[in-house]
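Positions are given from 1, in the same order as the sequence printed here.
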Amino acid sequence: MADFNQKSTVNISCPLGLAPTLKEEIISLGFTPIESRDTGIEIEASLNDCITLNFWLRTAHRVHYLIDEKPIHKPDDLRNWLKRLQWEEWIPHDGYFSVTSRVDHHTIENDQFANLVVKDAVVDRIRYKKNVRPDSGSDLQKSVLFLYWNQDVARIFIDTSGESLSRRNYRTATAAAPMQESLAAAIIQSTNWKQGMHFINPMTGSGTLAIEAAFIALNKAPASVRNNFGFMHLVGYDDEIYQKVRDEAKKAALKETPGKIIATDNDPQAVLAAQKNAKTAGVDHLIEFECCDISKTHIPDGDGVVVVNPPYGMRLGEDTDLRPLYKDIGDFMKLSCAGKTGYVFTANMALAKKIGLRAASRTQFFNTTLECRLLEFELYSGSKKD
């Protein structure tokens, strides 16, 4: 069976642009980054460590545990190499597994072909050893293997996450263009907001930013609502260790926070969706929801941030003039948010000019393939000079 205490290279992937935030999270959990890339961080860790990483990382997508690596020149070499690995020690012979990959090799035109080579090699090995074969397919709810193969070397990993960690399992209702949870967490951690401060989120949509802020405010583990990971389906998995991680996370979580979290939207369906998601996440008691125009959003006294994620106006066929909306955002921040720090997350810098405020900083992010900026505005009472 798999040795959950054996350390190996662990590659933790994230969306483009989130690696600096992910690196800080990894260090805060007590791990040392070995290598950093634009879309991930490598460390050395055990499978038991991967349980903790999966449970606590807010900006990661997947935690890949390296099984082996080797220079591979053609598909036959790949197949022969993988057939020699002891897959019966990792994947239940009567279980189920899937294969994903990222391949950049001149012999492979379609990643699906590489996936098939991996699947066949694993099945052949287990059938030879156990006289029975596991099922396989595209479902990521069981054991998952990940192949990374470039021109120089092939690496085969256990995907200990299964489905992306951005799927926290609380989003049961959606509004238009919901933001990925991992991106929302990174945006929040890139502001000057701290636990105990107010977090105001007009145009909340399905509530992702407000819910992630509530998780951080309570020190609530991002995977606390999730109940399935890839590591659970490996031979040798000990549920007691996972339950210990859950119990310790539950004890570390707070029940209340002194800062208010306020989420508003002028779309009643969006507010209903956000409320439902917050209830599923177990933080609905912390978030004050209201259906209203941005100008009517309540701004409490005290330190805090105002974070707005308006539409970008970049969808195919979208012809709504959003210039007045961006002007309204600027007017709202100038008139109602003095003493706070304002943030606008957008991919449309032409529209951002309509806000009418000078940005103190512009942090680059990517929302899937869209290059975006998190614009920071220092909102003074009166003039900056005063």
**Study point:** Spatial distance of atom CD1 (I188) from atom OG1 (T21) [nearest 0.5 Å]
**Key:** 11.5 Å
Point to revise | Between H233 and N228, a side-chain donor and acceptor under 3.5 Å | key: yes
Review point. Among side-chain atoms of E378 and Y380, is any donor-acceptor pair under 3.5 angstrom?
Key: yes
**Study point:** Side-chain donor-acceptor contact under 3.5 Å, S295 with D293
**Key:** yes
Exercise for review: Could you tell me whether the side chains of E376 and T363 share a donor-acceptor contact shorter than 3.5 Å?
Suggested key: no
Practice item. May I have the step-by-step check of side-chain hydrogen bond (donor to acceptor under 3.5 Å, both in side chains) for T341 and N192, ending in yes or no? Key: CA-CA 8 Å; T341 306; N192 66 9; 3.0 Å; yes
Practice item. Would you confirm whether E25, through its side chain, and T59, through its main-chain N or O, come within 3.5 Å as a donor-acceptor pair? Key: yes
Practice item. Go through the structure and list residues passing ring pair (Phe, Tyr, Trp, His ring centres under 6.0 Å) with Y343, not counting sequence neighbours. Key: none
Review point. Any chain of hydrophobic side-chain contacts (each under 4.5 Å) joining V235 to F157?
Key: no
Exercise for review: Specify the closest pair of heavy atoms between S182 and L18, including all atoms of both residues, with the distance to one decimal.
Suggested key: O-CD1, 3.8 Å
**Study point:** Polar contact flag, side-chain donor to acceptor under 3.5 angstrom, D49-S46
**Key:** yes
Check your understanding: More than 12 heavy atoms of other residues, nucleotides or ligands under 6.0 Å from CZ of R323: is that the case?
Key -> no
Practice item. Measure the spacing between OG1 of T160 and CG of L165 and express it to the nearest 0.5 Å. Key: 7.5 Å
Practice item. Flag the pair F229 / Y237 as yes when their ring centroid distance falls below 6.0 Å, and as no otherwise. Key: no
**Study point:** Pairwise distance CD1(I51) to NZ(K244) - rounded to 0.5 angstrom
**Key:** 11.5 Å
Point to revise | W193 and D303 side chains, donor-acceptor separation under 3.5 Å | key: no
Revision key, fill the gap. Exactly one of R127, K129, R125 clears side chain to side chain donor-acceptor pair (under 3.5 Å) with E88, and that residue is R125
Review point. Are the side chain of H198 and the backbone N or O of K260 linked by a donor-acceptor pair below 3.5 Å?
Key: yes
Review point. With a 3.5 Å cut-off and no angle check, do the side chains of D159 and Y65 form a donor-acceptor pair?
Key: no
Check your understanding: Given the rule that I, L, V, M, F, W and Y join up when any side-chain heavy atoms are under 4.5 Å apart, are L57 and F215 in one cluster?
Key -> no
Review point. Backbone N or O of R226 within a donor-acceptor pair of the N169 side chain at under 3.5 Å?
Key: no
**Study point:** Inter-residue atom distance M232.CE - N54.CG, 0.5 Å rounding
**Key:** 9.5 Å
**Study point:** N5 atom CG, over 12 foreign heavy atoms within 6.0 Å
**Key:** yes
Review point. Looking at D331 and K327, does any basic side-chain N land under 4.0 Å from a carboxylate oxygen?
Key: yes
Name the atoms and distances for all side-chain donor-acceptor pairs under 3.5 Å in residues 266-274, with sequence neighbours left out.
unit_1	atom_1	unit_2	atom_2	d
D267	OD1	Q269	N	2.9

Review point. Going by atom types alone, do R62 and N11 pair a side-chain donor with an acceptor below 3.5 Å?
Key: no
Practice item. Would you kindly say whether R171 and T208 are connected by a side-chain donor-acceptor distance under 3.5 Å? Key: yes
Review point. So, T280 and N277: side-chain donor and acceptor under 3.5 Å apart, yes or no?
Key: no
**Study point:** Criterion salt bridge (Lys or Arg N to Asp or Glu O under 4.0 Å) on K250 and D247, from CA distance to verdict
**Key:** CA-CA 5 Å; K250 188 174 182 180; D247 291 345; over 6 Å; no
Practice item. Say whether S101 and N115, considering side chains only, have a donor N or O and an acceptor N or O under 3.5 Å apart. Key: yes
Check your understanding: Are any of the side-chain nitrogens in R246 or E240 under 4.0 Å away from the carboxylate oxygens of its partner?
Key -> no
Point to revise | T264 versus T297, side-chain donor and acceptor atoms under 3.5 Å | key: yes
